[in-house]
Amino acid sequence: MSETVNVVCYKSKTFKDGSHPLMVRVCKDGKKKYQSIGIAILSSHWDFKRNEPNERCPNRDEIKLLIEQRLYEIQKTILSNRIDGKDYTATTIIKSTTTHGNSKMTVGEYYLTYIENLKKENRIRYAGMYEVSYNSFIKFNKHLDIPFSDIDVAWLKRYEAWSKEQNLSISTISTRLRHLRAVFNLALLEQAIKSECYPFHAYKVSKLSKKSAKRALTKDDIRKVMEYQGNRPMECLAIDIFTFSYLCAGINFIDMAKLKQSNIQENQLVYNREKTKKLIIVLLQEPAMQIIDKYNNGKSAFVFPILSNFHRSEVQIANRLHKVLAKINKHLKEIGVKLNLPIPLTTYVARHSFATVLKRAGVSTSIISESLGHS
């Protein structure tokens, strides 16, 4: 009899926070065997028909990746047994793919493996972000040739304090610790570490996010930026990027850079957000249409003069976007100083200001979240 292997939200068990463990379920010869993959999830964040996290689930892509890796490991073992003509049961399959926390891989080795996996999936930009975080932890601890058990709550608090001494922003510290947490989650999923070695049960990265500084402008300040007259091409592009983002529901820089003329359909902007793959449809206001027409030379397929046909590989695109974004934010910060704005001006400020203006106007959070393309 053929077997079935999937990961399910195991509602028969409920934790104190209302979440349920995700369990590998192997069915063979009428018998079922379950095993936790080390992740718990609220039932409202799970698609029970597809057996996968739904769009409302935080860290959805990360969890899906961990599930796929675990299922691949089991399917590979089953195929190997078939080829060798070996008998197997649901229980033996589960046992043969369990390491019981005896992995000899260090934190550094696991971290680099995670980065390589991102590169194989052509997620070059995210791989680069993880490399930056990896180097930060190396700078702090001198090396990561250490077991996972060495990183406890005290270690994380020391890193947080050290990062603040380096004048890193709260959002940057939060991002780097979330990257480290993702590496821990991978090791936990593969059962290379035990649950008691997981420090993020007690150390909540989310607390850092709540301390983030104000990054939104008032409508009057936004108007000052939009009306500012630039003197140089890159300075004018920076203003247009900021303006277009604010007028088009807070579209972020990556999505703007990749917009093509085909994304302009009559009086609407239609595109899939790069990060969440959500379909976004925005009504184009007249000032936004004027910006589109300004850069339409009839030669390039792209809306903005950031990418071209020369940028073909994921690495070329990622390098180009990183370089141009740095220049645009440099000009925006200079403009912000000239206009005496209360916060440093960046492309993200346009996105955050769009959301904040809607919130101040009484628009519901769910509608704002949907407009921004959040998962």
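These numbers come from a predicted model, not from an experiment.
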J.: Without swapping roles, check the side chain of Ser174 against the backbone of Ile170 for a donor-acceptor pair under 3.5 Å.
T.: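 No: the side chain of Ser174 does not pair with the backbone of Ile170.
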J.: Keeping the roles fixed (side chain from Arg60, backbone from Pro53), state whether a donor-acceptor pair exists under 3.5 Å.
T.: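 Yes; judged by distance alone, with no hydrogens or angles, the pair exists.
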J.: Holding to salt bridge (charged side-chain N to carboxylate O under 4.0 Å, His left out), I want the full list of residues that pass it with Arg181, two or more places apart in sequence or in another chain.
T.: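 Applying salt bridge (charged side-chain N to carboxylate O under 4.0 Å, His left out) to Arg181 gives none.
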J.: Can you find a side-chain donor-acceptor pair between Thr172 and Ser169 that sits under 3.5 Å?
T.: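 The criterion, which ignores hydrogens and geometry beyond distance, is satisfied for Ser169 and Thr172.
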J.: Between Phe137 and Trp162, does the ring centre distance come in under 6.0 Å?
T.: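 For Phe137 and Trp162, the ring centres are not under 6.0 Å apart.
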J.: Can you see whether Ser245 engages Arg351 through a side-chain donor-acceptor pair at a distance of less than 3.5 angstrom?
T.: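 Result is no, nothing qualifies.
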J.: Have a look at Ser353 and tell me which of Ile343, Ile222, Asp221 forms a side chain to side chain contact (heavy atoms under 4.5 Å, CB included) with it.
T.: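 Among the candidates, only Ile222 passes.
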J.: What I want to check is whether the side chains of Glu121 and Tyr126 have a donor and an acceptor closer together than 3.5 Å.
T.: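 Not at all, the side chains of Glu121 and Tyr126 share no donor-acceptor pair under 3.5 Å.
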J.: Got a sec: does the CD of Gln229 have more than 12 other heavy atoms crowding it under 6.0 Å?
T.: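 Atom CD in Gln229 is not packed in, count stays at 12 or less.
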J.: Is there a side-chain contact between Phe242 and Leu332 in this structure, where contact means two heavy atoms from C-beta onward sitting under 4.5 Å apart?
T.: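 They are in side-chain contact.
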J.: Are Lys28 and Tyr88 in a cation-pi contact, defined as NZ or CZ under 6.0 Å from the six-membered ring centre and within 45° of the axis?
T.: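 That pair qualifies as a cation-pi contact.
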J.: Can Ser136 and Tyr159 be counted as having a side-chain donor-acceptor contact under 3.5 angstrom?
T.: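 Side-chain D/A pair, Ser136 to Tyr159: present.
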J.: Below 6.0 angstrom between ring centroids: does that apply to Tyr130 and His179?
T.: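 Yes: the rings meet the under 6.0 Å criterion.
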